[in-house]
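Any value given below was found using the heavy atoms of this structure, including those in side chains, with hydrogens, waters and symmetry copies removed. Computed from a predicted model, the values in this text were never measured in an experiment.
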2 protein chains.
Amino acid sequence: MSPNEILFRAVQNQKLFGQINRQLLKTIVAGHYKAGDLLPPERDHADMFGVSRVVVREALGSLRDKGIVSIKQGRGTTVNPIDEWNTLDPEVLMLLYGDELYEKLIQLRGIIEPEFAALAAENITPEELEKLRKVSDLPESDTVEQHVERDTMYHLLIAKATHNPVLLIVLSSISEMLRESRRRTFAVHGELAKARYWHKTIFEAIEAHIPQAAREAMSAHMQQVQNGLERFNRLNQEDHN
Amino acid sequence: MSPNEILFRAVQNQKLFGQINRQLLKTIVAGHYKAGDLLPPERDHADMFGVSRVVVREALGSLRDKGIVSIKQGRGTTVNPIDEWNTLDPEVLMLLYGDELYEKLIQLRGIIEPEFAALAAENITPEELEKLRKVSDLPESDTVEQHVERDTMYHLLIAKATHNPVLLIVLSSISEMLRESRRRTFAVHGELAKARYWHKTIFEAIEAHIPQAAREAMSAHMQQVQNGLERFNRLNQEDHN
DNA sequence: ATATTATAAATGGTCATACCAATATACCAT
DNA sequence: ATGGTATATTGGTATGACCATTTATAATAT
C-alpha cells in the first residue's frame with residue numbers, strides 16, 4: 001500500500017469493503033452507469049480501487065442483496081432499474097433523494113403510524129404499557145440527542161405493541177433515517193413541546209384502550225411533525241440566503 | 001470434495017454461499033443460538049460445512065446486512081435480538097412465522113394500500129394510468145400464475161403512481177411473499193371474480209381522480225383478500241383432517 | 001454464404017494460505 | 001487486588017490458483 005492509501009484508510013473510520021461499497025454506490029447513483037449497463041469485471045474494479053478482489057466481491061454482493069445490481073457468473077454485473085432497488089438502506093435513499101427523503105418518510109409515517117397506535121390500543125400488554133410510559137415524556141433537561149433516542153423508542157414500542165412483527169420491521173427499517181428527521185424538527189422552537197403534548201395524549205388513549213382516540217392523536221402528531229419539518233426547511237432556506 | 005458433497009451441490013440448484021446462508025439461518029431460527037450468543041468462528045464454520053472461509057464470510061455478511069448478527073473483528077459474531085432483525089427477506093420471515101406470515105402481511109396491506117390508492121388518484125399521470133389499465137383486468141383465460149403476475153403488477157403500479165418512492169419500496173419489498181398469498185386466495189372459488197370487480201372499481205376511482213372513492217374501494221378489496229385467505233385456511237385445514 | 005459446432009476467452013464462484021488488525025484472555029509485576 | 005504486557009483468538013484483507021458458466025470467436029459442415 002502506498003502512503004496515500006494508508007492515509008485514506010486512516011481518515012475513513014470504516015472497513016475497506018464499506019468504503020468500496022459507498023464508492024460503487026456513488027458511481028452508480030451519479031449516473032455513470034445506467035440501468036442495464038454492464039459494470040467492469042471484479043478484477044478491474046479491484047485494480048481501480050487498489051484493493052483485492054475479495055472486498056470488491058463483498059461490496060458487490062451487498063449491492064446485489066439490495067437489488068441494486070444483478071450478478072451472473074460468466075456474464076458480469078449489471079445495474080438494475082431503480083424500481084428494483086427495493087431496499088430501505090439509509091445510504092442508498094440519501095444518495096438518491098437527499099433532503100427530500102425526510103418528507104417522503106413522513107408521508108409513510110402519516111399512513112402507518114395512526115393505525116399502529118390504534119392497534120396498540122387494542123393489543124398492548126401491561127408490561128408493554130409500562131415500558132411505553134417510561135419513554136412517553138421528553139424531559140426538558142435532556143439533550144437533543146436524548147430526545148431523539150426517546151422519541152425513536154416511543155414510536156417503536158407502539159409499533160411493537162401491535163403484536164405484528166411485520167409492522168414493527170417496516171418502522172424500524174426507517175428509524176435510522178428518521179433520527180435525522182427528528183433532529184431537525186426538534187431544532188425548531190416549540191416543536192418539542194408540541195411533541196410532548198401529543199405523546200402524552202397518544203399514551204393516554206393507548207392506556208385507555210381506545211383505538212380511535214389513539215389513531216386520531218397519532219394522526220395529529222404526524223401532521224405536527226410534518227409541519228415542524230416544513231418550518232425547519234423554511235428556516236434553513238432563509239439561513240442560506 | 002467427497003462424492004456426497006458433489007451430490008449435495010448437484011441437488012441444490014444454488015450457489016454455495018446461498019446454501020450456507022440458509023443453513024446458518026435455520027440453525028439460528030431453530031434456536032440453537034439465542035440472542036447474544038457467540039457463534040463459532042468463521043474457520044470452524046468452514047470446517048463444519050466443508051466449505052472455504054470465503055463462502056462462510058459471504059453468508060455471515062449477508063446476515064449482518066439484515067441485522068440478524070453483529071460481527072466484530074477480534075470478538076466474533078453474535079446473534080442479535082429478534083427486534084433488530086429488520087429485514088423483509090422472505091426466507092427469514094417464512095422461517096420465523098410460517099403460514100401465519102400471510103395474515104400479518106395482509107394487515108400491513110390493509111393499512112397502506114388504501115392510502116396508496118388515494119394518493120394515486122391524486123397524482124397519477126396519463127401514462128401511468130394507461131399502464132394500470134392494461135393490467136386492471138384478470139382474464140378468465142389466464143393461468144393462476146398469470147393472475148398472480150397481473151395482480152402483483154396492478155398493485156405495484158398504484159404504489160408507483162403515488163410518486164413517493166419510499167411507499168413503492170415498502171410494497172415491492174413484500175411483493176415476493178405476497179405472490180404465495182395471492183396463489184392461495186385465487187385458489188378459493190369466487191375470489192378471482194371478486195378481485196376482478198374491485199380492481200375495476202378501484203381503477204375507475206383512480207381514473208376519475210377521486211381519492212376517497214379509491215381509498216374505500218381499495219379498503220374493501222383488502223378486506224376481501226383477507227376473507228379469501230381465511231377461507232383458504234379453513235378449506236386447507238379441513239383437507240388435513 | 002449460412003448455419004452449426006467446436007474452441008477459446010471472459011467473468012463470476014470457490015479454494016487455500018498467509019498475513020494484518022482488533023479484541024479478549026492469561027500472566028506477571030507492583 | 002490492580003494495572004499493564006504478552007499471547008491467543010478472531011474477523012479483515014491480500015494473492016494466486018483453479019472451477020463453472022456464459023459469451024465470443026473460429027472452425028467445420030452443408
Side-chain angles (χ1 to χ4, degrees), chain A residues 1-24 33 36-65 67-80, chain B residues 1-24 28 33 36-80:
Chain A
M1 275 188 298
S2 72
N4 270 338
E5 283 174 296
I6 292 173
L7 179 62
F8 175 69
R9 294 187 186 190
V11 172
Q12 304 279 347
N13 187 16
Q14 221 184 31
K15 293 287 176 295
L16 252 184
F17 96 87
Q19 301 173 28
I20 303 304
N21 193 303
R22 184 173 309 181
Q23 292 285 331
L24 282 171
Y33 299 110
D37 280 3
L38 203 62
L39 263 57
E42 295 173 350
R43 289 164 176 87
D44 291 9
H45 267 135
D47 290 343
M48 285 158 44
F49 288 122
V51 299
S52 76
R53 228 185 113 195
V54 178
V55 304
V56 173
R57 279 183 57 78
E58 189 158 358
L60 285 173
S62 183
L63 293 183
R64 176 208 49 202
D65 282 352
I68 296 174
V69 301
S70 290
I71 307 179
K72 226 176 155 187
Q73 187 170 355
R75 181 166 175 264
T77 303
T78 53
V79 178
N80 291 337
Chain B
M1 279 188 296
S2 74
N4 271 338
E5 282 174 298
I6 293 172
L7 179 62
F8 175 68
R9 294 188 186 189
V11 171
Q12 305 278 348
N13 187 17
Q14 220 183 29
K15 293 289 177 293
L16 252 185
F17 97 88
Q19 300 173 29
I20 303 302
N21 193 303
R22 183 172 309 181
Q23 291 283 332
L24 282 171
I28 293 173
Y33 299 109
D37 281 2
L38 203 63
L39 262 56
E42 296 173 348
R43 290 165 176 87
D44 292 7
H45 266 134
D47 291 343
M48 284 159 43
F49 288 123
V51 299
S52 77
R53 231 185 109 195
V54 177
V55 304
V56 173
R57 278 183 58 77
E58 186 158 0
L60 286 173
S62 182
L63 293 182
R64 177 208 52 205
D65 282 351
K66 292 170 184 161
I68 297 174
V69 300
S70 290
I71 306 179
K72 227 176 154 186
Q73 186 172 353
R75 180 166 172 262
T77 303
T78 54
V79 177
N80 290 337

For nucleotides 9-11 of chain D, give me every protein contact, N/O to N/O, under 3.5 Å, one pair per line with atom names.
{"residue": "dT10(D)", "atom": "O2", "partner": "G74(B)", "partner atom": "N", "Å": "3.3"}
{"residue": "dG11(D)", "atom": "OP2", "partner": "E42(B)", "partner atom": "N", "Å": "2.8"}
{"residue": "dG11(D)", "atom": "N7", "partner": "R43(B)", "partner atom": "NH1", "Å": "3.0"}
{"residue": "dG11(D)", "atom": "O6", "partner": "R43(B)", "partner atom": "NH2", "Å": "3.2"}
{"residue": "dG11(D)", "atom": "N2", "partner": "Q73(B)", "partner atom": "NE2", "Å": "2.7"}

Side chain to side chain contact (heavy atoms under 4.5 Å, CB included) for L24(B) and F49(B)? Distances and angles first, verdict last. CA-CA 10 Å; L24(B) 282 171; F49(B) 288 123; 4.0 Å; yes
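- The nearest whole Å value for the distance from the CD atom in E58(B) to the P atom in dG12(C) is 13 Å.
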Could you go step by step and tell me if I28(B) and V69(B) meet the side chain to side chain contact (heavy atoms under 4.5 Å, CB included) rule? CA-CA 10 Å; I28(B) 293 173; V69(B) 300; 4.1 Å; yes
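- When the P atom of dA20(D) is taken as reference, atom CZ of F17(B) falls 18 Å away, rounded to whole Å.
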After noting the C-alpha distance and the side-chain angles of I20(B) and V51(B), does the key distance pass the side chain to side chain contact (heavy atoms under 4.5 Å, CB included) rule? CA-CA 9 Å; I20(B) 303 302; V51(B) 299; 4.1 Å; yes
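- Panel note: side chain E58(A), backbone E58(B); no donor-acceptor pair is recorded below 3.5 Å.
- Side chain of D37(B) to backbone of V79(B): no donor-acceptor contact under 3.5 angstrom is found.
- Counting to the nearest Å, the P atom of dG12(C) and the CG atom of L63(A) are 13 Å from each other.
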The test is side chain to side chain contact (heavy atoms under 4.5 Å, CB included); show your working for L63(B) and N21(B) and say whether it passes. CA-CA 8 Å; L63(B) 293 182; N21(B) 193 303; 3.9 Å; yes
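- At the heavy-atom level, V54(A) lies under 4.0 Å from base atoms of the strands shown.
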